[in-house]
Amino acid sequence: MNKNSSNIMALAPNTSNKRETVCIFGTGDFGRALGHKMIQCGYSVVYGSRSTQISNLIPKDAEVLGHAEAAQKAAIIIIAIQRQHYNFLTPLAETLHGKVLVDISNNLKLNQYPESNAEYLAQLLPGSKVVKAFNTVSAWALQSGTLDASRQVFVCGDDVEAKQMVMDIVRALSLTPLDKGSLSAAQEIENYPLQLFPMWNFPIILSLALTIFFFLYCLALDVIYPYIYENSNLSFFIAITIPNRVCPVMALILLALVYLPGIFAAIIQLYRGTKYSRFPNWLDKWMLCRKQLGLVALAFASLHAVFTLVTPLRAFVSWRTSNRIISQALNNETEPLDNTNAWLSDSYLALGVLGYFLFVLLGITSLPSVSNSVNWREFRFVQSKLGYLALVLCTAHTMVYGGTWFLNPAAYKWYLPDIYMLSLVVPCAILVVKFVLILPCVDKPLTRIRQGWERNPKNSE
Amino acid sequence: MNKNSSNIMALAPNTSNKRETVCIFGTGDFGRALGHKMIQCGYSVVYGSRSTQISNLIPKDAEVLGHAEAAQKAAIIIIAIQRQHYNFLTPLAETLHGKVLVDISNNLKLNQYPESNAEYLAQLLPGSKVVKAFNTVSAWALQSGTLDASRQVFVCGDDVEAKQMVMDIVRALSLTPLDKGSLSAAQEIENYPLQLFPMWNFPIILSLALTIFFFLYCLALDVIYPYIYENSNLSFFIAITIPNRVCPVMALILLALVYLPGIFAAIIQLYRGTKYSRFPNWLDKWMLCRKQLGLVALAFASLHAVFTLVTPLRAFVSWRTSNRIISQALNNETEPLDNTNAWLSDSYLALGVLGYFLFVLLGITSLPSVSNSVNWREFRFVQSKLGYLALVLCTAHTMVYGGTWFLNPAAYKWYLPDIYMLSLVVPCAILVVKFVLILPCVDKPLTRIRQGWERNPKNSE
Amino acid sequence: MNKNSSNIMALAPNTSNKRETVCIFGTGDFGRALGHKMIQCGYSVVYGSRSTQISNLIPKDAEVLGHAEAAQKAAIIIIAIQRQHYNFLTPLAETLHGKVLVDISNNLKLNQYPESNAEYLAQLLPGSKVVKAFNTVSAWALQSGTLDASRQVFVCGDDVEAKQMVMDIVRALSLTPLDKGSLSAAQEIENYPLQLFPMWNFPIILSLALTIFFFLYCLALDVIYPYIYENSNLSFFIAITIPNRVCPVMALILLALVYLPGIFAAIIQLYRGTKYSRFPNWLDKWMLCRKQLGLVALAFASLHAVFTLVTPLRAFVSWRTSNRIISQALNNETEPLDNTNAWLSDSYLALGVLGYFLFVLLGITSLPSVSNSVNWREFRFVQSKLGYLALVLCTAHTMVYGGTWFLNPAAYKWYLPDIYMLSLVVPCAILVVKFVLILPCVDKPLTRIRQGWERNPKNSE
């Protein structure tokens, strides 16, 4: 009996060793790359093509047939042709009936057509089960095997079984399927590979605008003002001095903007007495890009840190130091240590170092792999508690930097305040309101609201 | 024939397009969020509730029925109610018999009850198959779709099939199930979301205690001593000078403590002549928190680096420099370059820079995503070989910093040594013992023991 | 009826609560650890061993039988014995016929045997279905449960069903299976755990060689030359000055080498008029290690940054500053601010800071978890656009550093150029060629070629 089964094994290696057959329409780059990878992973691949002449670019173990014959051989057909040629599939409707069609197409522009390619395909062939998949993977990545960019394959479709079949293929290719729901998600999936950091748009545009404003503001006060009134050319301030004034201001304001929507949300919830009514749209959007705002703030803080550390290396600074020392030496004077000054200078630096340290910690916990390995409570502890501590330290750092300078009329060139004073407005306001919000008499009702209590329960019916 | 099947498709879209029906008991926040997500992913959801009146907060496509009717519609029932109300499920025991009950509850405190909620539920309804799952996911994360905090869902249960069914749902929701074994793991899973960095407790408490001790030690020697004996007020040392003495000491000691348990383990294995007897409990625990100890050490080293780089910006330092230069200028003297001094200063800095560089490299390879992409040999190479090199460099850095100062009686205020000398004790001891351990005559038997050889093999019977 | 089913449940807990039975041949470290983990995850484990005497190291719930009896109990047999003892399995061929054999063995050296262990096993037992798996996981990691090193389990085998069964076990143990194709991949999988950063070999050897060359070059010009001709002992330059000359040169050259293969590829594609012919082998290899080259460049740039920031703390620098100031003071002179000098110094620093900032950004997006969360277009934007910007900034930084020094005959000691001039050759060449490549008249055909157009389409037939 053993010998028998051995013979059966030897006779039919293909049946037990192969996965099912998959058909690919189109022999373009991506069709070939996908077929190659599938053959590697044990699938039988048959190409449907206009010319059945075998090109040497097509994987060796694949068959090439006409569209209709190829489609009959498989339950799953991957449509690796461009949307413009979809209508040539209409005559094949009978053959494709009940089959799973995998739309892998991409567009050249966001929202290029009114409906997604996959939905268009489903309209053309209403008897087939259309599944959107694989469009986020590049041919080069499939071929070379180094899928650095992304292993995730978004899948959507109206037929759960068809979707499951496609997701099994995705897994077999060592990729990670991500179910995005029904075919109406196809538009979003088709837009995905065309996006360029959509979550970063608002934070980056906002910070660019603010940076330009503050840069020009500083340019006026620090370069143009002395040029006009003191006739001194300090144009080289553009390289380091002014950036090192703008960066900390931007970092502090953006960090404050990370915590501002939370304050707004708390006030709205307190005012409405329920957590079940939606926030205004702008607040929702703002809350979703807090992480990006925080990371841009961290970038500015890092630039500020390096620009500051670089100070002693500047020719201007060493010239200024020499001149100060020489004039003291020529006057035969050695001044005693000013203890207040030493305290201010050291606490200014220490507050900055500690604030930046916490800031970097927040940045590290924003890394996907780190934030995935902490639980919800830990994530909130770091992002909320440590975040507020960082905000307090950075605000104090800025205040100590200013010292009593804001009392000096010389600080107001052209009656305008120094930018460090402008940067303090938002964080100070946030810290004051937050302080009110954590007072027990305010915190208690807020906590109850957040646990589901409603002041006016008819809202929920 | 084709037309026929087309008609069947058109008539029964729900049967082929829908996954199975899932029942959810309880219409609270999490029950609603979970139902919403499940409907999105193709499940039919039916709520079991006391009042079948439909609230506008419940997902539109869900049905709301009484508990018993709802339970009859599904094989899986998600228990989204609080433990206090579990006993009201007892009358439903008949209906719930043989069903899969998913306990998703959380407690407010660690180990709040003697047995876990899931085990309690299993005791109440012995005929049902209880599976613990979903308690680590937050309602907000499910709803908003940005699952930054964690995609992992811990699952446990005594019935393998029931567990499999729940894990399939978890996967369908694009989350990652993690099988934690039988239902006795439920206690651990319920404690998980309440934990606040449990692995970090010991390293942080230890380093806080040591930091306070060293801070007070330095305060006494660097601020109080000069105030008493030299009547000079150096209180501003508290801001930077003393932290910058404590941080490197802490970094070196904690780095040494990362490698100390490995030394102990080697000695114990050599002494016992086998690797098959368990280490003492404290050593096991210590070995498991080495990564955290190392990262805290890295934090201290980073603070030390920044505090040091900030030095030239301090008012005190620029005052001291000016005074030194002015007094030299007034005495008309220019001293020649002290070559030994230049060597000491430069090698001190270079050793520190290289040690810190390796330290940061170790930190980067500790990031989950990096350590997941290296093999075991590479991980050990980095953490062990490069780690020891970092320890050697940092110890040498500290020794060169001290130079011959330890020979000077002035170094011992109140007969106490400087803290940098204290910090050298543990690392030097480790390096000496490690040097002995890598001598061939010791290394050979140790390697054999680690490959499974036993000096006294009866141990293993 | 309900009562009945309840009884059945109570009578047969093992059938419904247990997964299938797995047999493990061999009771060594790894066999025991794997069995232990499998029992935890619900499998029944039976050991096949020469002596059926039960050691106390074997998991309690496991059975220990002779090899033949054990094998009969399970469809999957894990071969946890060393390759040298494989031939003793030959007599069991009848029993093992049709069974799934999981080869988990590792070798001590890369390519130790002509064929992989798994293929050898398949030759010995042609009637069994051999699957390679688990060899990348360590016993310690399985036991302690902290799988920091890697959760990935590479699986390969000729029989798809057998592979699927093994991959299901891998998933059940909360590990991630990665299908590597047919059994011919076993060699690669067996070599994997023996590898020590194979992708890093070339970048590290290259940079080591270049570092030594540039170090000796600088040593000759900066230490030996002044010693011979000026009789001044500057040996302490070895610690910081020379490293801080070599590091930036290395960083710039390696960064340029990251972008050089892309330039070559574009030229080759333009010349051949097609993208479908393979690149020469050396170019393929070079392109695959660009990420590693870039990270090594980042390491050198970081060292350069820290060495530069540390400058004001050096005894040599403070001695030089004092002397300069004192001699000025003694001459009663205060020089005015040299505006050109201030501009050069500040823009040199600003360019360096910005270049390094972009460099770090590139490094962060190379982290696996970050690069996995961006789409292909975003990844290319960062790595290509921002990368070139970083290269431009760093090249400009180096040029401004040199200033007009290259016109000065004193810059050419022993008629040799300073190393910063050497470092500019490759980046400048790349930037010039890249500038030509983005001219519309060159860019347009290149883009068409990359979209699949061929100048000479017969190539593809």
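Chain letters run A, B, ... following the sequence lines, proteins first and then strands; every chain starts at 1.
In this structure, the portion of A:P336 lying under 4.5 Å from any heavy atom of chain B is its backbone and not its side chain. Heavy atoms closer than 4.5 Å to chain A are found in the side chain of B:I238, but not in its backbone. For A:V360, no part sits under 4.5 Å from any heavy atom of chain B, backbone or side chain. Interface residue B:L309: backbone and side-chain heavy atoms are both found under 4.5 Å from chain A. For a residue to count as touching a neighbouring chain, one of its non-hydrogen atoms must lie under 4.5 Å from one of that chain's; by this rule A:Q164 touches chain B with the side chain only.
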Practice item. Check the pair A:D346, B:F237 against side chain to side chain contact (heavy atoms under 4.5 Å, CB included), reporting the backbone distance first and the verdict last. Key: CA-CA 8 Å; A:D346 277 14; B:F237 273 21; 5.6 Å; no
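Within 6.0 Å of atom CG in A:N331, more than 12 heavy atoms from other residues, nucleotides or ligands are found, so the atom counts as buried in its surroundings.
Here the side chains of B:S235 and A:W343 are in contact, with some heavy-atom distance below 4.5 Å. Residues A:Y348 and B:L313 are not in side-chain contact: their nearest non-hydrogen atoms beyond the backbone lie 4.5 Å or more apart. Between B:L196 and A:F381, some side-chain heavy-atom pair lies under the 4.5 Å cut-off.
With chain A as the partner, the residue from B:P193, B:P312, B:G28 showing the most heavy-atom pairs under 4.5 Å is B:P193. Interface summary for chain A: among B:A329, B:A315, B:P243, the most heavy-atom pairs under 4.5 angstrom belong to B:A315.
In this structure, the separation between OG on B:S232 and CG on A:L337 is 10.0 Å, given to the nearest 0.5 Å. Once rounded to the nearest 0.5 Å, the distance linking CZ of B:F236 with CG of A:L344 reads 12.0 Å. With values rounded to the nearest 0.5 angstrom, B:L367 atom CG is found 6.0 Å from A:L367 atom CG. The distance from atom CD of B:Q195 to atom CD of A:E378, rounded to the nearest 0.5 Å, is 7.0 Å. For the atom pair OH of B:Y192 and CZ of A:R377, the computed distance is 12.5 Å after rounding to the nearest 0.5 Å.
Between the side chain of B:N233 and the main chain of A:N339, no donor-acceptor pair closer than 3.5 Å is present.
Remark: A:F307 engages no residue in a ring-ring contact (aromatic ring centres under 6.0 Å, His included) (not counting sequence neighbours). For A:F359, there are no ring-ring contact (aromatic ring centres under 6.0 Å, His included) partners, not counting sequence neighbours.
Inspection of non-hydrogen atoms places B:A299, B:L303 of residues 294-305 of chain B under 4.5 Å from chain A. Contacts between residues 318-327 of chain A and chain B, counted as heavy-atom pairs separated by less than 4.5 Å, involve A:R324, A:I325.
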